[in-house]
Asks: 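Here you go, one structure.
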2 protein chains.
Amino acid sequence: MDNRDTILEQALTLFSERGYDAVGVQEICDAAGITKPTLYHYFGSKHGLLEAVLERSFSVLKSRLSAAADYKGDMPLTLQTIAETYFSFAGEFPVFYRLQLALWFAPKESEGFKAVVLHNRFQYEMIEKVFLNAVPQHGNMRGRHQAYALTFLGTLNTYIGLGLNGFATLDADLARQAVRQFQYGIYS
Amino acid sequence: MDNRDTILEQALTLFSERGYDAVGVQEICDAAGITKPTLYHYFGSKHGLLEAVLERSFSVLKSRLSAAADYKGDMPLTLQTIAETYFSFAGEFPVFYRLQLALWFAPKESEGFKAVVLHNRFQYEMIEKVFLNAVPQHGNMRGRHQAYALTFLGTLNTYIGLGLNGFATLDADLARQAVRQFQYGIYS
DNA sequence: CAAACAGTATACCGAACGGTATACTGTGCG
DNA sequence: CGCACAGTATACCGTTCGGTATACTGTTTG
């Protein structure tokens, strides 16, 4: 692992644990065992470093999500596949997922929020497309696909929060539970 | 409105818009039209200011929630009352609600997260109690009251997020929709 | 070999950070 | 009146902030 990767790794950990604004560039350099000119050589600025950190992991999530969100006529199955994709990704990269959740809810004018907004739009559109394509089969969804996409993502993130905080295990079983609750409610 | 209130007001706005760490004490003083010794006279530290900001609004939410979460044998009604309480509170104090949402998802080791963790525990316990009391009527809930409390809160916050971002109006109707989705899923 | 270049360190920049020592003001009260 | 005290401002503290000018490596390449 070269210096560039080490910096990315340490920055991700520190941002995730304490927040982008609360972590200084010097601290990242110390953790990575390099000096500031090295960091600035690779990333240009603290903001550029954040974007590189996000890009590295989001690209993985995006490609997996693209594969999972390919609706082929079976809504429950597609939702289940998406849920499993998210859960296994969050379980595999919990430190990153924590960071992206925090940035998603960060203040609108914060640097962090602005850095994730495009990545999150991608996710949203991916999922919206599923509901949109399902309209012919599920007529009652017409006109609600935006709300469904957002609340489905919200439900997944709620469950992932449970997992990341040790209240549950992020496996296919939990994914089934989340999807069932989303589709049929709590009495099922 | 005296200086103390002005400081609280301006700090809330700035923290909510740009985040606790990204806002400097000097900036709050400028916005409030006072100087640093005045701020430190009232709040002792930046952290103390944050706690005062949170306390002021959380105390309102807590007392309303205490009244709403009084389970009297009718689960759907109680959930509906709680949802309406949250929605009207978030609609009334959107700036504060944004801040508390951001802090709830903030990194575990950040000052902001630590400042809200007790307030959030209170909310969680209030809602858990409802599900716990409902177990005799709804046997299938036994052992799931923790998960239900957390996912119910998660569903509410997902919908409140929709409202705060202009995708919906935070009224009793949206509360009904959120509660219905939580109880019966999306096909209802 | 020599030039070019990516990568790295030393040492530094001005600005902003959170916080405070000191002193002055106004008001309430014995 | 005269004392106490809350409230406020001026001016400053040491530290850390994000970022950089300069120079030195080692490797690649014409």
Side-chain angles (χ1 to χ4, degrees), chain A residues 1-56 99 102-103 106-116, chain B residues 1-56 99 102-103 106-116:
Chain A
M1 195 158 69
D2 61 8
N3 279 339
R4 189 173 189 279
D5 284 333
T6 310
I7 296 170
L8 284 172
E9 201 69 44
Q10 296 299 326
L12 170 60
T13 305
L14 287 167
F15 289 159
S16 177
E17 284 175 352
R18 308 226 319 283
Y20 174 75
D21 291 305
V23 175
V25 172
Q26 185 60 59
E27 194 178 356
I28 298 169
C29 294
D30 293 346
I34 51 93
T35 56
K36 284 204 270 185
T38 301
L39 188 150
Y40 280 87
H41 169 74
Y42 287 115
F43 305 104
S45 67
K46 190 188 178 187
H47 187 84
L49 170 59
L50 175 62
E51 292 196 330
V53 166
L54 295 175
E55 180 56 39
R56 193 167 70 138
L99 175 62
L103 297 179
K108 298 247 161 310
E109 297 303 320
S110 68
E111 274 194 67
F113 179 82
K114 290 176 180 167
V116 293
Chain B
M1 195 157 69
D2 60 10
N3 279 338
R4 190 173 188 279
D5 283 334
T6 310
I7 296 169
L8 284 171
E9 202 68 43
Q10 297 298 328
L12 170 60
T13 305
L14 288 168
F15 288 160
S16 178
E17 283 174 352
R18 307 224 320 280
Y20 174 76
D21 290 306
V23 175
V25 173
Q26 185 62 58
E27 195 177 355
I28 299 167
C29 295
D30 292 346
I34 51 94
T35 55
K36 283 205 272 185
T38 301
L39 188 152
Y40 279 86
H41 169 75
Y42 286 116
F43 305 105
S45 68
K46 189 188 180 187
H47 187 84
L49 170 60
L50 174 62
E51 293 198 327
V53 165
L54 295 175
E55 179 56 39
R56 193 167 72 137
L99 175 61
L103 297 179
K108 298 249 160 310
E109 298 302 321
S110 67
E111 277 195 66
F113 180 82
K114 290 176 180 168
V116 293

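This structure is a prediction, so every number in the text was calculated from the model and none was measured. Naming convention: chains lettered A, B, ... in sequence-line order (proteins, then strands); numbering from 1 in each chain.
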Asks: Specify the separation, in whole Å, of atom CG of L14(B) and atom C1' of dC17(C).
Replies: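 After rounding, the gap between these two atoms is 16 Å.
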Asks: Quick check for you: to the nearest 0.5 Å, what is the distance between L14(B) atom CG and D30(B) atom CG?
Replies: 10.0 Å
Asks: How many whole angstroms separate atom CD of E111(B) from atom C1' of dG18(C)?
Replies: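 In whole Å, dG18(C) C1' and E111(B) CD are 11 Å from each other.
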Asks: Would you give the length of the straight line joining atom CG of L49(B) to atom CG of L8(B), rounded to the nearest 0.5 angstrom?
Replies: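 Spacing of CG (L49(B)) from CG (L8(B)) equals 6.5 Å.
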Asks: Look up atom OG1 in T38(B) and atom OH in Y40(B), then write down how far apart they are to the nearest 0.5 Å.
Replies: 12.0 Å
Asks: Starting at CG of L39(B) and ending at C1' of dT20(C), how long is that distance when rounded to a whole Å?
Replies: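 Distance, rounded to whole Å: 13 Å.
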Asks: Could you tell me the separation between the CD atom of Q26(A) and the P atom of dT20(D), rounded to a whole number of Å?
Replies: 15 Å
Asks: Roughly how many Å is it from OH in Y40(A) to C1' in dT20(D), rounded to a whole number?
Replies: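 Roughly 9 Å, once rounded to whole Å.
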Asks: Quick one: NZ on K46(A) to CG on D21(A), what's the gap to the nearest 0.5 Å?
Replies: 5.5 Å
Asks: Using atom CG of D21(A) as one end and atom C1' of dG18(D) as the other, report the distance to the nearest whole Å.
Replies: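 In whole Å, dG18(D) C1' lies 12 Å from D21(A) CG.
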Asks: So, E109(B) and K114(B), do they make that salt bridge, N to O below 4.0 Å?
Replies: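 Judged by the 4.0 Å cut-off on N to carboxylate O distance, E109(B) and K114(B) do form a salt bridge.
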Asks: In whole angstroms, how far is the P atom of dT16(D) from the CG atom of D30(A)?
Replies: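 About 11 Å, once rounded to whole Å.
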Asks: Using 0.5 Å steps for rounding, measure from the CG atom of L39(B) to the CD1 atom of I7(B).
Replies: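 CD1 of I7(B) is found 4.5 Å from CG of L39(B).
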Asks: Determine, for nucleotides 5-12 of chain D in 5'-to-3' order, which nucleotides have protein heavy atoms under 4.0 Å from the base (write B), from only the sugar-phosphate (write S), or from neither (write -).
Replies: -SSBBB--
Asks: Roughly how many Å is it from CD in E27(A) to C1' in dC17(C), rounded to a whole number?
Replies: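 Value for this atom pair: 15 Å.
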